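Each remark here refers to the structure printed beneath this line.
A, B, ... follow the sequence lines: proteins, then strands. Residue 1 opens every chain. Predicted model only: the values in this text are computed from it and were never measured.
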Amino acid sequence: MANEFTAEFLTLRDRYIEKGFGRLNPVQKEAVFCTEGPLLILAGAGSGKTTVLVNRIANIIRYGSAHGSSWLPRAVTEEDLMELRTAMMMNTPLPAGLRSMMAKDPARPWNVLAITFTNKAADELKNRLAAMLGPTEGGDVNASTFHSACVRILRRDGERLGYPKSFTIYDTDDQQRAMKEVYKQLMVDDKFLPIKACIGQIGRLKDQLIAPEDALAAPIDSKAGLIAKVYDAYQKRLRSAGAMDFDDLIFNTVQLFMKEREVLEHYQNKFRYILVDEYQDTSVAQFHLVRLLAGGSGNVCVVGDDDQSIYRFRGATIENILNFEHHFPGAKVIRLEQNYRSTSNILDAANCVIQNNQGRKGKTLWTENGEGTKVHHYEAESEQDEASHIATVIGQHLRAGGKLRDHAILYRMNAQSNPVETYFARAGIPYKIVGGQRFYDRKEIKDIVSYMSIVANPRDDLRLRRIINEPARKIGATTIEKVAQLAQQEGTCMLDICARAGQFSELGRAAGALNKFYGLYQQMQEAATALPLDQFVSKLMEISGYEAMLRASGDEGVSRLENLGQLVSSVKTYADQKGLDASLEGFLEEVALISDLDSYDQDTDVVVMMTMHSAKGLEFDYVFILGLEEGVFPSELSRYSDEDLEEERRLCYVGITRAKKELYLSSSQSRMIFGQTRRNRPSRFLTEISPDLLEEERSPRLNRGGERSPYDRGGRSPYDFGGRAAAANRGYLNGDYNRSPAGSGSYGQSGGTGRGYGRVSSTEQPTQRRWTSTTAQPAAQPAKAAGEKPKFRPGDIVDHKVFGRGQVLKVTPVAGDTIVEIQFERVGIKKTMANYAPIKLVK
DNA sequence: ATCGATAAGATCGAC
DNA sequence: TCTTATCGAT
């Protein structure tokens, strides 16, 4: 077939294909054009791995494996050559006759399966693919998490494993409830085997594809034997409820594939190309899933960074990435080491830290970005001092034209956000906490969702127990136990017993209440078929009496009702989005698989706070990492295990590499942990960073020469509010203050975490003491100068540490304090608390 | 059945 | 310090 034009045509074709990927560096291109066979991409932080994934998928869909190959469907003619040359030169589309020569076995979008760590990452991938390939082609690529991919597979074929099509997905809360029942049943003492630990162990077993029978067969010791028994009982319980926990989703999919050849083959044929992101955080079960799926084509591409493996404690095995070449013989390895995100100072600091780890594949990131400023280290006196310093820095950036949303505050534990939150809330700095409690974890939401899941899966006794007497229906604990027992005897579910309650004399007077509950269930079923999804949910809240119950319960009920309102609107959003595909099961699935991180929206202009774990995969111009102290980060518990310590170090590496422009590390000499003030040494991670990369700053509140601060002399520190103030906060949460108009930008939406709104003390407020020296004084100085009241009046000109200069618009006294609404020169209108905000009167 | 008091425990946390 | 769970009392 070869003729005189062939060689030139092939060269030209490669060049033509490459044109579409012109922005990539040579190594990235290599990854994009390596489409066949196993491929491991070791992608350092900020090395453009998502870009590579997106471009690689685009290449597979557009050109298949044409690039670099000598494949041709027919002989090349001189005319072909001319046309290709012209198209390239003039940038015109290819003539139809040529198009078939450009693409060798291109995949259709649905032949590609891309697995990401979070839903958010999957969405980002889809969006970028849609931008590159157009909405139809891009939208048809399967991009999802392991769990949602598995749910889809199990919904289709899970019946072969004995699960109903509309199985319920149990979250950690459901798991614990189920486990409690197992403990009761087997009379296990949770002091001997804590429930959480047990759930964790069982999770690890599932991660390793060990079924209950396997665990029962070969217990290593008596404790393992007990766990095996609990595991077995737990699994039976879930099975009869028609429910799976998160680990089951993976485990059962692997089981399904191993048992049912044809199911596996179906997916092997469907997914010709498989891509897995964050491979360093996959489990053994997930590895097997990938191996099975890739078994057909062998076209599996995994992307990961062994230095960013931070979920070992949860069953992720770093060995997956270390052994990839062994698992998939003939694998090609590509390293992306050029970083496009951070300055070289930040990168060097990250390298300094991570090189102290032993077990790594080893790589050194480099960048062509400039040196940037040095990494800042601030040594604070207390966590409040730490918070105040951050506010000051953010203030400086804001005045220089920076945006709030370019700032991220990262910490080791969720609890560490508290002092910063308190400070920011009082100072009126808008922020948002990502992570922590999910919206869907709230009791009222979980209750209504339980009602919904009973409609979808009446077999689910666990969720039924949750709501059978909520609101109170005179069905007490004893009755519930009797019903459960009867269900067991009759080999049916509890709801069925409710329906036939009259037949069982042992239920006595309770039969009426149970029958009535079954009537409610029937009504709900009717509503589910008759009404659109969102109206169904509203109806459900009404006929179950849940709404009435909340309405009758005062203050807290009102805010819960508001949350339920939000639930209804998210159901509506879901229904609108999915159109005809919308279903109750589909919504429940989304609820079960969504995380708080997924709702993080980079467009709202607020400072974000999250743990370093949550920050994985994100980037920010300015990153603050708090609490770099021994015992905090690295955490106390990691101190005695080298492996745990290395994981902490990787976490530190992840944290550092989130920063694009500037990195602010801080440590505090004293910190309150679990109610006790502790003094910690600065973190070893700080000392690991070469001193010439660091710029040290000490809090002015720390006296030189190790002298004790004046507050140590027995007096109460000005920050020591005691517990009362915190307890009093609640009153505020329902006050007007939180409902600051969304447009004003004050107070970030807290993404339904229920935090984020300032915890503002409303009683016994010490009045403000005006400060004389800006730096030496703590910003939110609630000095105890009884009697003196803050005097801000509309028209006053004030200076705010963060927002700069502004004019007071409105002053509203509230219990013990005053809300001051200020029109700032640079950042618009904000509301702050007079007693705590870092403001001073200028005129 | 529901409220209030007291005791225990508290990481990191995707899906 | 703060939350959540469980127990005991009405």
Side-chain angles (χ1 to χ4, degrees), chain A residues 115-122 144-151 169-173 175-176 180 190-191 194-196 199-200 203 207 244-250 277-278 281-283 285-286 310-316 383 410-416 418-419 422 434-438 440-441 443 469-479 513 553 589-598 610-617 627 631-638 644 647-648 650-652 654-655 671-678 720-727 729-730 759:
Chain A
I115 296 192
T116 57
F117 196 64
T118 61
N119 290 302
K120 191 181 159 61
S144 68
T145 61
F146 269 109
H147 298 266
S148 16
C150 288
V151 169
I169 301 167
Y170 277 5
D171 63 16
T172 25
D173 182 65
Q175 275 186 298
Q176 277 178 38
K180 266 186 201 152
D190 92 309
K191 286 198 179 63
I195 286 196
K196 278 185 183 164
I199 290 174
D207 278 344
M244 298 189 199
D245 64 26
F246 290 132
D247 301 308
D248 288 332
L249 296 177
I250 314 288
D277 194 8
E278 308 282 8
D281 285 323
T282 50
S283 66
Q286 288 168 336
I310 52 174
Y311 285 104
R312 200 182 62 101
F313 71 95
R314 213 167 46 188
E383 57 263 55
L410 309 181
Y411 35 81
R412 179 66 237 265
M413 295 179 288
N414 275 124
Q416 282 175 267
N418 231 290
T422 312
V434 178
Q437 210 204 2
R438 298 185 320 155
Y440 290 108
D441 284 342
K443 185 189 182 302
N469 201 32
E470 190 80 31
R473 297 192 180 89
K474 300 240 183 323
I475 304 173
T478 3
T479 309
S553 71
E589 181 182 317
E590 260 184 36
V591 168
L593 297 179
I594 207 150
S595 78
D596 186 53
L597 190 64
D598 296 325
M610 62 178 90
T611 62
M612 278 174 278
H613 280 93
S614 307
K616 188 170 81 159
V632 177
F633 188 35
S635 87
E636 188 69 44
L637 286 130
S638 66
D644 288 346
E647 180 140 315
E648 295 280 302
R650 291 193 292 268
L651 188 58
C652 184
V654 168
R671 182 178 302 274
M672 185 99 91
I673 295 168
F674 297 144
Q676 277 182 318
T677 306
R678 290 231 301 254
D720 186 6
F721 305 122
R724 261 220 222 80
N729 289 341
R730 268 145 212 300
R759 310 206 170 158

In whole angstroms, the gap separating P of B:dA14 from CZ of A:Arg312 amounts to 19 Å
Selection from B:dG13, B:dT2, B:dT11 that lies nearest to any side-chain heavy atom of A:Ala472 | B:dT2
Taking for each residue the nucleotide of DNA chain B with the nearest heavy atom, is it A:Lys196 or A:Asp207 whose nucleotide lies nearer the 5' end?
-> A:Lys196
5'-most contact on DNA chain B: A:Thr611 or A:Lys474, nearest heavy atom basis?
-> A:Lys474
Is the aromatic ring centre of A:Phe117 closer than 5.5 Å to the centre of the six-membered base ring of B:dA14, with the two planes inclined by less than 30°?
-> yes
Would you say A:Lys196 has more than 12 foreign heavy atoms packed within less than 6.0 Å of its NZ?
-> no
Going by heavy atoms in the side chains, are A:Glu636 and A:Ser638 under 4.5 Å from each other?
-> no
Can any side-chain N or O of A:Tyr411 pair as donor or acceptor with the backbone N or O of A:Met612 at less than 3.5 Å?
-> no
Could you give the CG-to-P distance, from A:Asp245 to B:dG13, as a whole number of Å?
-> 20 Å
A:Gln176 atom CD is separated from C:dT3 atom P, nearest whole Å, by 18 Å
Figure out the CG/P separation between A:Asn418 and B:dT11, and round it to whole Å.
-> 13 Å
Atom pair distance, as rounded to whole Å: CG in A:Asp441 and C1' in C:dT3 | 15 Å
If pairing requires Watson-Crick or G-U wobble contacts with both distances under 3.5 Å, which nucleotide is the partner of B:dG4?
-> C:dC7
Has A:Ser614 got a side-chain N or O lying under 4.0 Å from the OP1 or OP2 atom of B:dC12?
-> no
Between the side chain of A:His613 and the main-chain N/O of A:Ile310, is any donor-acceptor distance below 3.5 Å?
-> yes
note: A:Arg473, atom CZ; B:dT2, atom C1'; distance rounded to Å ~ 17 Å
d(CZ, A:Arg314; P, B:dT11) in whole Å | 15 Å
Got a donor-acceptor contact below 3.5 angstrom from the A:Glu647 side chain to the A:Asp644 backbone?
-> no
Strand partner of B:dG9, provided both Watson-Crick or wobble distances fall under 3.5 Å = C:dC2
Check the geometry between A:Phe313 and B:dC12 and answer yes if their rings are stacked (centres below 5.5 Å, planes below 30°), otherwise no.
-> yes
A:Asn414 CG to B:dG9 P, in whole Å, measures 21 Å
Return the nearest nucleotide to the side chain of A:Met413; candidates are B:dG13, B:dT11, B:dT2.
-> B:dT11
